[in-house]
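Because the structure is predicted, anything quoted here is derived from the model rather than measured.
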Amino acid sequence: MIKRIAYISILLVWGCNFLIEKSVPLDGEFYIQDGWLAFSSKKYEEADKHFNTAIETNDSGSVFHFLSLVGLGWTNIYKAQMIEETSRNGCVNNAGKNLNAANSLMLNMNIEEIIFDLNEDYSNGITDMYAGLALQRSYFAKQKSVNENAWETTNESLSDTIRTFYEESVEFSKQLENDFVFQHDMKLKFNDILILRIGNYLILGNIEEAILSYGQIDFDQLDFEVNEECKQVVDSSTLVECLCLVSHNGTCPFGD
């Protein structure tokens, strides 16, 4: 009888501990994985929820915060693209806040070593952040330019702000290696970021740097054909037309 009571007690204690363990929030890594799974399925609201949960359930300033902020930044960028957003305080603006916060964390932590120790799959978190920042800055600059009157911004201050965003987009894009591929959307590669940079250089009036960057395009990675002239070294007279072709799947919408 005594043995039976002791056995039952052990089972009850083990059962209670099991329930307690299950009630504890999952490790941040699981929420981040679920966030990216939702992102890859274009379930952006669900992705947003998972990344925010990882932030809420882990220590402030942790590596999980960094990775979640990067995820939130990308989620907001893709949400903005999906709805063709024009709001000044919408998803693109939020993406900037998320990615800026991630960048601040990186500057105050040995993020690269911590991420690699956590999970080798997250070792590209920093490059994802830089690519996201390059896209966000350029996207936001275009939004501001298009909505100059609607956002009630003076021409002078708008011009300065837009120029700064394009310059920052260029600088962030330079942090990426030419083998960059965004693993959560494999269609997005270094070529895409490079083409974005070339366009930014043109807007900034830096033709020489635009031509040099154009020379780095890997035409073999494009899934469409570009005429042979545009595969050669271009100059100031052909750059705009060739960049238009490269940017629009080989058919420039502004042609003859």
Practice prompt. Answer with yes or no whether the hydrophobic clustering places I193 together with M186; edges join I, L, V, M, F, W, Y residues whose side-chain heavy atoms lie under 4.5 Å apart.
Written response: no
Worksheet item: Under 30°, 30 to 60°, or over 60°: which ring-plane class applies to F39 and F182, parallel, tilted or perpendicular?
Response: perpendicular
Worksheet, complete the sentence: In this structure, CG of D128 is separated from CG of L99 (nearest 0.5 Å) by 10.0 Å
Fill in: Any side-chain heavy-atom pair of K97 and N100 under 4.5 Å
no
Fill in: Separation between CG of D220 and CG of N191, rounded to the nearest 0.5 Å
9.5 Å
Worksheet, complete the sentence: salt bridge (Lys or Arg N to Asp or Glu O under 4.0 Å) test vs K79 passes for just one of E84, E46, E45, namely E45
Discussion item. Ignoring hydrogens, what is the shortest heavy-atom contact between V92 and A80? Give both atom names and the distance.
Written reply: CG2-CB, 3.5 Å
Discussion item. Rounded at 0.5 Å granularity, tell me how far CE in M129 sits from CG in L67.
Written reply: 11.0 Å
Fill in: Heavy-atom pair of closest approach, residues N200 and S138
OD1-OG, 3.2 Å
Worksheet item: Are side-chain heavy atoms of R137 and E167 found at a separation under 4.5 Å?
Response: no
Discussion item. One pair to check against side chain to side chain contact (heavy atoms under 4.5 Å, CB included): I217 and I198. What are the steps and the verdict?
Written reply: CA-CA 10 Å; I217 295 176; I198 298 166; 3.8 Å; yes
Fill in: Side-chain heavy atoms of W36 within contact of Q183, under 4.5 Å
no
Worksheet item: Is there a side chain to side chain contact (heavy atoms under 4.5 Å, CB included) between E229 and T238 once you walk through the steps?
Response: CA-CA 9 Å; E229 290 78 8; T238 57; over 6 Å; no
Discussion item. Tell me whether E225 at atom CD has more than 12 heavy atoms from other residues, nucleotides or ligands lying less than 6.0 Å away.
Written reply: no
Worksheet item: Hey, is the main chain of T127 close enough, under 3.5 Å, to the side chain of Q175 for a donor-acceptor pair?
Response: no
Discussion item. As a quick check of understanding, evaluate salt bridge (charged side-chain N to carboxylate O under 4.0 Å, His left out) for K49 and E56, giving each step before the final call.
Written reply: CA-CA 10 Å; K49 179 180 178 181; E56 293 165 2; over 6 Å; no
Item to complete: Report whether L194 and I207 are members of the same hydrophobic cluster (ILVMFWY, side-chain heavy atoms less than 4.5 Å apart, transitive linking).
Response: yes
Worksheet item: Can you tell if the side chain of T53 reaches within under 4.5 Å of the side chain of D34, non-hydrogen atoms only?
Response: no
Worksheet item: Closest approach of N58 and S62, non-hydrogen atoms and distance?
Response: CB-OG, 3.9 Å
Discussion item. Quick check: is L245 connected to F224 through a chain of hydrophobic side chains (ILVMFWY, heavy atoms under 4.5 Å apart)?
Written reply: no
Worksheet item: Is there side-chain contact between D179 and F190, with at least one heavy-atom pair below 4.5 Å?
Response: no
Discussion item. Under a 3.5 Å cutoff, is there a donor and acceptor pairing between the side chains of D218 and N178?
Written reply: no
Worksheet item: Is there a side chain to side chain contact (heavy atoms under 4.5 Å, CB included) between Y214 and R197 once you walk through the steps?
Response: CA-CA 9 Å; Y214 187 92; R197 183 200 303 173; over 6 Å; no
Practice prompt. Is it possible for you to say whether I195 and L212 belong to one hydrophobic cluster, with membership spreading through side-chain heavy-atom contacts below 4.5 Å?
Written response: no
Practice prompt. Report the distance from atom CD1 of I162 to atom CD of Q143, rounding to the nearest 0.5 Å.
Written response: 11.0 Å
Practice prompt. Kindly give the heavy-atom pair with the smallest separation between S169 and A134, and that separation in Å.
Written response: OG-O, 2.7 Å
Worksheet item: Should we count NZ of K42 as having more than 12 external heavy atoms under 6.0 Å?
Response: no
Worksheet item: Which residue, I77, D48, N76, forms the side-chain contact (heavy atoms from CB on, under 4.5 Å) with C91?
Response: N76
Worksheet entry | From OG1 (T161) to CZ (F140), nearest 0.5 Å | 9.5 Å
Item to complete: Please check if I32 and L37 belong to a single hydrophobic cluster, counting links between Ile, Leu, Val, Met, Phe, Trp and Tyr side chain heavy atoms closer than 4.5 Å.
Response: no
Worksheet item: Are the side chains of I55 and L72 in touch, meaning some heavy atoms are under 4.5 Å apart?
Response: yes
Discussion item. Looking only at the aromatic ring of each residue, does the gap between the centers of F51 and Y31 stay below 6.0 angstrom?
Written reply: no
Item to complete: Check whether more than 12 heavy atoms from other residues, nucleotides or ligands sit under 6.0 Å from atom NZ of K231, and answer yes or no.
Response: yes
Practice prompt. Report yes if some heavy atom in the side chain of E168 is under 4.5 Å from a heavy atom in the side chain of L133; otherwise report no.
Written response: no
Response to the item:
In this structure, OH of Y130 is separated from CG of N103 (nearest 0.5 Å) by 5.5 Å
Item to complete: Determine whether L202 and L243 make a side-chain contact, defined as any pair of heavy atoms from C-beta on separated by less than 4.5 Å.
Response: yes
Discussion item. Give me the atom names and distance for the closest heavy-atom approach of F180 to L188.
Written reply: CE2-O, 4.4 Å
Response to the item:
Taking every heavy atom of I211 against every heavy atom of S236, the minimum-distance pair comes out as CD1-N, 3.7 Å
Practice prompt. Just do the side chain to side chain contact (heavy atoms under 4.5 Å, CB included) check on F64 and T57 with the steps written out, would you?
Written response: CA-CA 9 Å; F64 296 122; T57 56; over 6 Å; no
